[in-house]
Amino acid sequence: MDTVRPATDAEAIPPDERRITMPRTYDLPLPDLTGRRAVITGGSDGIGLVIARSLAGAGAEVVLPVRNRTKGEAAITTIRAVHPGAQVTLRDLDLSSLASVAALGETLVAEGAPIHLLINNAGIMRPPARQTTADGFEMQFGINHLAHVALTAQLMPLLRAGRARVVTQTSVAAQRAAINWDDLNWERSYDEMRAYGQSKLGCGLFGLELHRRSAASGWGITSSISHPGVAPTSLLAARPEIGRTEDTRDIRFVRRMSALGLAGTPESAALPALMAATTGTGGEFFGPQGLGQVGGRPGRQKLWKPLRSQTDAARLWDASEELTRVRFATAAA
């Protein structure tokens with residue numbers, strides 16, 4: 001359970017009250033985020049809920065775009081049970097629909113409040129059969145990568161106004177992944193794990209390219225990427241909405257590993273994204289530092305080989321703009 005509270009004079013508060021104290025003694029100091037607005041996708045459960053709770057506890061105004069309002073209200077109840085004065089509100093978002101992404105962007109832009117933190121965290125993993133989004137994209141590529149590209153573009157005026165930090169979550173699956181350039185939507189030869197790896201590699205390449213383009217064009221946005229390692233979340237649990245009626249064997253294994261201290265927890269897995277959101281100069285990669293990068297305390301790490309290709313990042317950026325019909329140069333103007 002975190003014990004973060006906002007502070008204008010951090011040194012005046014005892015260290016044990018200024019830190020998120022996680023299981024296995026992983027601590028992460030957070031700055032005072034009072035007056036900052038944070039938007040977090042996938043914040044109604046799992047790692048995203050821990051991120052939302054932690055940022056709210058540090059004083060941020062947290063906006064949770066959710067598909068399921070009931071889960072969203074439960075998340076707010078959970079956050080306020082720990083931080084009674086937390087500023088947390090819901091907005092509607094279905095990442096499987098670019099129309100829904102655009103509607104959220106229009107809503108937030110109409111509100112006019114600058115965004116200081118954007119955490120592109122939501123995702124799905126390995127639906128039992130190939131499925132497509134409302135726009136015809138392979139579901140993992142569409143939700144994990146393309147929807148977050150479109151959302152970031154929609155929010156560019158607010159991100160620029162807030163000189164925002166953007167954090168995009170990748171995955172250990174990206175470590176050995178590749179972009180299926182000849183069939184981005186896996187229409188000819190579907191492999192659920194390779195498609196998932198591509199989607200999360202796409203997230204990483206996008207986050208790094210966003211920082212490069214911001215620096216080159218003077219957008220004023222700082223972008224980094226993070227990965228949570230391995231932790232027991234709902235990604236591989238029963239998900240009736242994608243056709244998975246029961247927990248997978250993999251999630252049962254991960255739960256045992258986590259209980260033995262050989263993998264992370266949702267609390268520890270949230271720390272790399274929180275570190276990326278509150279430290280560094282952008283263009284960096286944060287993840288767990290333990291054996292195999294599946295758990296452990298958070299820190300900076302070297303880019304995995306598939307993330308190093310700026311040529312791939314630029315090519316995917318162009319392809320993603322074409323597929324989503326967004327243009328960052330126009331949105332950033």
Which pair of non-hydrogen atoms, one from [X] and one from [Y], has the smallest distance, and what is that distance?
X      : Y      : answer
Gly197 : Ala177 : O-CB, 3.4 Å
Gly43  : Ala52  : O-CB, 4.3 Å
Met275 : Gly299 : SD-CA, 3.8 Å
Gly264 : Ser258 : O-OG, 2.7 Å
Pro65  : Ile40  : CD-O, 3.0 Å
Leu205 : Pro306 : CD2-O, 3.7 Å

Criterion side chain to side chain contact (heavy atoms under 4.5 Å, CB included) on Phe286 and Val167, from CA distance to verdict = CA-CA 10 Å; Phe286 297 82; Val167 180; over 6 Å; no
Are [X] and [Y] connected, step by step, through hydrophobic side chains (Ile, Leu, Val, Met, Phe, Trp, Tyr) whose heavy atoms are closer than 4.5 Å?
X      : Y      : value
Trp181 : Tyr190 : no
Leu235 : Val230 : yes
Trp186 : Val149 : no
Phe253 : Leu262 : yes

Would you say the side chains of Asn120 and Thr152 form a donor-acceptor pair under 3.5 Å?
->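 A donor-acceptor contact under 3.5 Å links the two side chains.
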[X] atom [atom1], over 12 foreign heavy atoms within 6.0 Å:
X      : atom1 : result
Arg327 : CZ    : yes
Arg163 : CZ    : no
Glu241 : CD    : yes
Arg325 : CZ    : no

Any donor-acceptor N/O pair, [X] side chain to [Y] backbone, under 3.5 Å:
X      : Y      : answer
Thr170 : Cys203 : no
Arg160 : Trp219 : yes
Gln140 : Ser199 : no
Gln131 : Ile242 : yes
Asn185 : Phe137 : no

Restricting to pairs with a member in residues 97-112, which pass side chain to side chain donor-acceptor pair (under 3.5 Å), not counting sequence neighbours?
->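 Checked against side chain to side chain donor-acceptor pair (under 3.5 Å) - neighbours excluded - the pairs reaching residues 97-112 are Arg37-Glu111, Arg91-Glu111.
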Does anything in residues 281-290 pair up under side chain to side chain donor-acceptor pair (under 3.5 Å), and if so which pairs, sequence neighbours excluded?
->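 Pairs touching residues 281-290 that pass the test: Glu284-Arg300.
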Minimum side-chain heavy-atom gap [X]-[Y] below 4.5 Å:
X      : Y      : value
Arg255 : Asp247 : yes
Ser217 : Phe328 : no
Leu201 : Trp304 : no
Ser54  : Leu30  : yes
Asn144 : Tyr196 : yes
Asp92  : Leu104 : no
Arg130 : Thr132 : yes
Leu271 : Arg297 : no

Tell me, please, which residues at least two apart from Asp45 pass salt bridge (charged side-chain N to carboxylate O under 4.0 Å, His left out).
->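 So Asp45 forms a salt bridge (charged side-chain N to carboxylate O under 4.0 Å, His left out) with Lys71.
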What do the steps show when you test Ser224 against Arg165 for side chain to side chain contact (heavy atoms under 4.5 Å, CB included), and what is the final call?
-> CA-CA 8 Å; Ser224 289; Arg165 288 181 178 269; 5.8 Å; no
Single hit among Arg126, Arg244, Arg256 for salt bridge (charged side-chain N to carboxylate O under 4.0 Å, His left out) with Asp250 =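 With Asp250 as partner, salt bridge (charged side-chain N to carboxylate O under 4.0 Å, His left out) holds for just one option, Arg126.
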Roughly how far, to the nearest 0.5 Å, is [atom2] of [Y] from [atom1] of [X]?
X      : Y      : atom1 : atom2 : value
Leu316 : Leu184 : CG    : CG    : 7.0 Å
Lys200 : Leu307 : NZ    : CG    : 11.5 Å
Arg53  : Leu274 : CZ    : CG    : 9.5 Å
Thr324 : Gln154 : OG1   : CD    : 9.0 Å
Met125 : Ser234 : CE    : OG    : 11.5 Å
His116 : Leu33  : NE2   : CG    : 10.5 Å

Can you sort out the partners of His148 under ring-ring contact (aromatic ring centres under 6.0 Å, His included), two or more places apart, ordered by chain and number?
->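 His148 satisfies ring-ring contact (aromatic ring centres under 6.0 Å, His included) with no residue once adjacent residues are dropped.
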Could you tell me which residues satisfy ring-ring contact (aromatic ring centres under 6.0 Å, His included) with Phe141, sequence neighbours excluded, listed by chain and number?
->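 Only His145 meet the ring-ring contact (aromatic ring centres under 6.0 Å, His included) criterion with Phe141.
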Residues two or more places apart in sequence or in another chain: which of them pass side-chain contact (heavy atoms from CB on, under 4.5 Å) with Ala269?
->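 In terms of side-chain contact (heavy atoms from CB on, under 4.5 Å), with neighbours along the sequence ignored, Ala269 is linked to Ile47, Pro228, Ala231.
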Which of these passes side-chain hydrogen bond (donor to acceptor under 3.5 Å, both in side chains) with His227: Gln169, Gln175, Gln301?
->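 Answer after filtering Gln169, Gln175, Gln301: Gln301.
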Could you walk me through whether Leu146 and Asp135 pass the side chain to side chain contact (heavy atoms under 4.5 Å, CB included) test, one step at a time?
-> CA-CA 11 Å; Leu146 292 176; Asp135 305 281; over 6 Å; no
Side chain to side chain contact (heavy atoms under 4.5 Å, CB included) evaluation trace for Val62 with Gln87 = CA-CA 6 Å; Val62 174; Gln87 300 179 68; over 6 Å; no
